[in-house]
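Everything on this sheet refers to the single structure shown next.
We name chains A, B, ... by the order of the sequence lines, and we start the count at 1 in each one.
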Number of protein chains: 2
Amino acid sequence: MGKKQVPSLVKDERLISRRRAQIVKAAVGLFNEKGYHKATTREVANASGFSIGTLYEYIGSKEDILFLVCDSVYDEVVSKWEKLLDSNLRGLERLRQVIESYFRVVDDLQDEVLVMYQETKSLSGEALRYVLEKEIRIKNVFEKELIHAREEGFLTMDDRQLSLAAHHILVVGQMWTFRRWAVQKEYSVDEYIEYQLRQLIYGFGVNEQAPDKQPVPQKEE
Amino acid sequence: MGKKQVPSLVKDERLISRRRAQIVKAAVGLFNEKGYHKATTREVANASGFSIGTLYEYIGSKEDILFLVCDSVYDEVVSKWEKLLDSNLRGLERLRQVIESYFRVVDDLQDEVLVMYQETKSLSGEALRYVLEKEIRIKNVFEKELIHAREEGFLTMDDRQLSLAAHHILVVGQMWTFRRWAVQKEYSVDEYIEYQLRQLIYGFGVNEQAPDKQPVPQKEE
DNA sequence: GGGACCTGAGCGAGCGTTCATTCGACTGCG
DNA sequence: CGCAGTCGAATGAACGCTCGCTCAGGTCCC
C-alpha cells in the first residue's frame with residue numbers, strides 16, 4: 001500500500017525481519033519434508049503461527065519465501081564457517097581445516113542447505129542469479145585457499161585444475177545432504193569427512209604396480 | 001469389459017510401449033526445461049503429439065510419466081555403459097575405463113539423467129524404492145570393480161572406504177549434469193573427466209613438504 | 001477512537017483427470 | 001463392388017479440486 005508515513009518505519013523494519021525469520025524457519029522444515037511445490041502457503045502460515053493473511057503481510061509471493069530461505073542459508077553458512085576458521089594454520093593443515101569446517105557447517109545446516117540446493121532452480125531470473133552469485137563466492141574461498149597452498153609449494157595444479165578442484169569441494173559438501181536418506185543411513189559425518197579429505201588430498205591411494213607383480217621401491221611409510 | 005478375445009492383445013502391448021516411449025521422450029524435454037511440477041500434462045500431451053485424452057490412454061497419472069522416465073533412464077544408462085565395456089583390460093586401466101565410460105554415458109544422456117536425478121524424490125513409496133534400487137545396482141558395479149582392483153593389489157582401502165568410494169564415483173558422475181548451467185559453461189566433458197579421473201586416483205597431487213621449506217621430520221599423523 | 005496487527009472466508013486461475021462423442025479402418029454379407 | 005455394422009483409438013470440453021492470493025472486517029492496546 002502507499003501508506004508510507006515515516007515515524008513507524010524503524011519499528012516496522014525490525015518486526016518485519018523478525019517475522020520473516022519465523023517464516024523462513026517454518027518454511028525450511030516444510031520444504032524439507034514435502035518439497036517447495038507440494039508445500040502450500042497455508043501450511044507455511046500455520047507452521048509459522050500466522051494466518052495466511054498475516055503471512056502475506058510479510059512476503060510478496062510464495063517464491064519470496066524460497067528466496068528468503070536461500071538468501072539466509074548462504075549467510076548462515078558463511079558466518080558459521082568463519083567462526084570455525086580463526087586459526088593461523090598454514091599450508092596443508094590450513095587447507096584441510098577449511099574444507100573440514102565447511103563440511104561440518106553443511107552438516108550442521110543440512111535442512112537449510114538441502115532446500116536451497118534442491119529448490120534453487122525454482123527461483124526465477126534475478127533471484128536465481130543473486131543466489132548463484134553467493135554460491136560462487138564460496139567457491140572462490142576454496143580457490144583462494146588452493147592458490148595459497150600452491151604458492152607455498154604443496155600443490156602443483158594448473159589454474160584450470162585448481163578451479164575445478166574448488167568447484168569439486170563445494171559440490172562434495174553439498175552432496176552430503178543431497179541423497180542423505182541413502183548416504184547418511186550408511187555413513188557417519190565423521191567417516192564421510194575423513195574419507196573425503198583423504199580422497200581429495202591423496203585420491204584412492206594407488207600402487208601404480210601391483211605389489212605382487214614386482215617389488216616396488218617403497219617410500220617412507 | 002469381459003470381451004477378452006485373444007487376437008488383439010499382442011498388438012496392443014506393442015502400441016502401448018511405442019506410445020509410452022513417445023511420451024517419455026517428450027516428457028524428458030519438458031521436465032528438463034520447466035521441471036516436473038511446472039510442466040502440465042497438457043503440455044506433455046502436446047509435445048508427444050497427442051491430445052490429453054489420448055495421453056491418458058497410455059498412462060494412469062502424471063506420476064506415471066515420471067516413473068516411466070526414471071525407469072527407462074537407468075536401463076538406458078546401463079545398456080549404453082555395457083556397450084563401452086567389453087574390453088578385457090585389467091587392473092588400474094580397467095578401473096579407469098569403467099569410470100570414464102560411466103561418465104561418458106551420463107554426459108550422453110544428460111537430459112534424462114538430470115530429470116531422474118532431480119525429480120526422483122517426487123515419486124512416492126513403491127516407485128521411489130524401485131528407482132533407488134536401480135541406482136544401488138550401479139553403485140554395486142563400482143564396488144565390484146574396486147574390490148577387483150584391490151585383489152590385484154592396486155588399492156589398499158578397507159571395506160568402508162571402498163563402499164564410500166563406489167558411492168563417490170556414482171555421485172561425481174551425476175554432478176556433471178546437476179549444476180550444468182554453472183559447470184558445463186566453464187569446462188568441457190573431456191576436461192572434467194580427465195580431472196575427475198586424476199582426482200579420484202591421485203587426489204590433489206600433494207607434496208607433503210613444501211619444497212622451499214626445510215624438510216621437517218614428519219610423522220604419521 | 002484510532003492505529004497496528006491479525007484473521008480466514010472467499011475468489012478465480014490453473015491443474016490433473018474423465019468420458020461422451022467422433023472418426024477412420026476393417027469385416028462380412030449380398 | 002457397395003453397404004451396414006463393429007471396433008477402438010483419438011478427441012477435447014467439462015469437472016472438481018487445489019492453491020496462491022486478497023480484502024472486509026475483526027481484536028487489542030494506547
Below 4.0 Å: OP1/OP2 of C/dC6 and any side-chain N or O of A/Thr54: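 Answer is no, no contact under 4.0 Å.
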Phosphate-side-chain proximity, A/Tyr56 and D/dC21, N/O vs OP1/OP2 below 4.0 Å: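 So the side chain of A/Tyr56 is within the cut-off, an N or O lying under 4.0 Å from OP1 or OP2 of D/dC21.
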A/His167 side chain near B/Glu186 side chain, heavy-atom distance below 4.5 Å: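 Side chain of A/His167 against side chain of B/Glu186, heavy atoms only: no contact under 4.5 Å found.
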A/Phe142 ring center within less than 6.0 Å of A/Trp81 ring center: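 Close enough - the centres of the two rings lie under 6.0 Å apart.
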Can you measure [X] atom [atom1] to [N] atom [atom2] for me and round it to whole angstrom units?
| X | N | atom1 | atom2 | result |
| --- | --- | --- | --- | --- |
| A/Asn46 | D/dC19 | CG | P | 13 Å |
| B/Leu55 | C/dC19 | CG | P | 16 Å |
| B/Arg18 | D/dA10 | CZ | C1' | 15 Å |
| B/Glu57 | C/dT17 | CD | C1' | 12 Å |
| A/Glu63 | D/dC19 | CD | C1' | 16 Å |
| A/Tyr58 | D/dC21 | OH | C1' | 17 Å |
| B/Ile52 | C/dT18 | CD1 | C1' | 10 Å |
| A/Arg20 | C/dC5 | CZ | C1' | 16 Å |

Shortest non-hydrogen contact from A/Gln161 toward A/Met157: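 Taking A/Gln161 first and A/Met157 second, the nearest heavy atoms are OE1-CA, 3.3 Å.
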Whichever of B/Arg19 and A/Gly60 has its nearest DNA chain D nucleotide further upstream toward 5':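 The residue whose closest nucleotide sits nearer the 5' end is B/Arg19.
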Residues forming a side-chain contact (heavy atoms from CB on, under 4.5 Å) with B/Glu100, sequence neighbours excluded: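 In terms of side-chain contact (heavy atoms from CB on, under 4.5 Å), with neighbours along the sequence ignored, B/Glu100 is linked to B/Arg104, B/Ile193, B/Leu197.
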Residues forming a side-chain contact (heavy atoms from CB on, under 4.5 Å) with B/Arg137, sequence neighbours excluded: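 In terms of side-chain contact (heavy atoms from CB on, under 4.5 Å), with neighbours along the sequence ignored, B/Arg137 is linked to B/Glu133, B/Lys134.
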Minimum-distance nucleotide (side-chain atoms of B/Ser51 versus C/dC6, D/dT11, D/dA9):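 Closest nucleotide among those given: D/dT11.
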Among D/dT11, D/dA9, D/dG20, the one nearest B/Phe50 by side-chain distance: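 Closest of the options to the side chain of B/Phe50: D/dT11.
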Test log, rule side chain to side chain donor-acceptor pair (under 3.5 Å), inputs A/Glu63 and A/Ser124: CA-CA 8 Å; A/Glu63 198 184 308; A/Ser124 56; 2.9 Å; yes
Side chains of A/Ser163 and B/Tyr187, donor plus acceptor under 3.5 Å: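 Distance-only check passes for A/Ser163 and B/Tyr187.
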Within residues 28-43 of chain B: residues closer than 4.0 Å to DNA chain C (heavy atoms):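 The answer is B/Ala39, B/Thr40, B/Thr41, B/Arg42.
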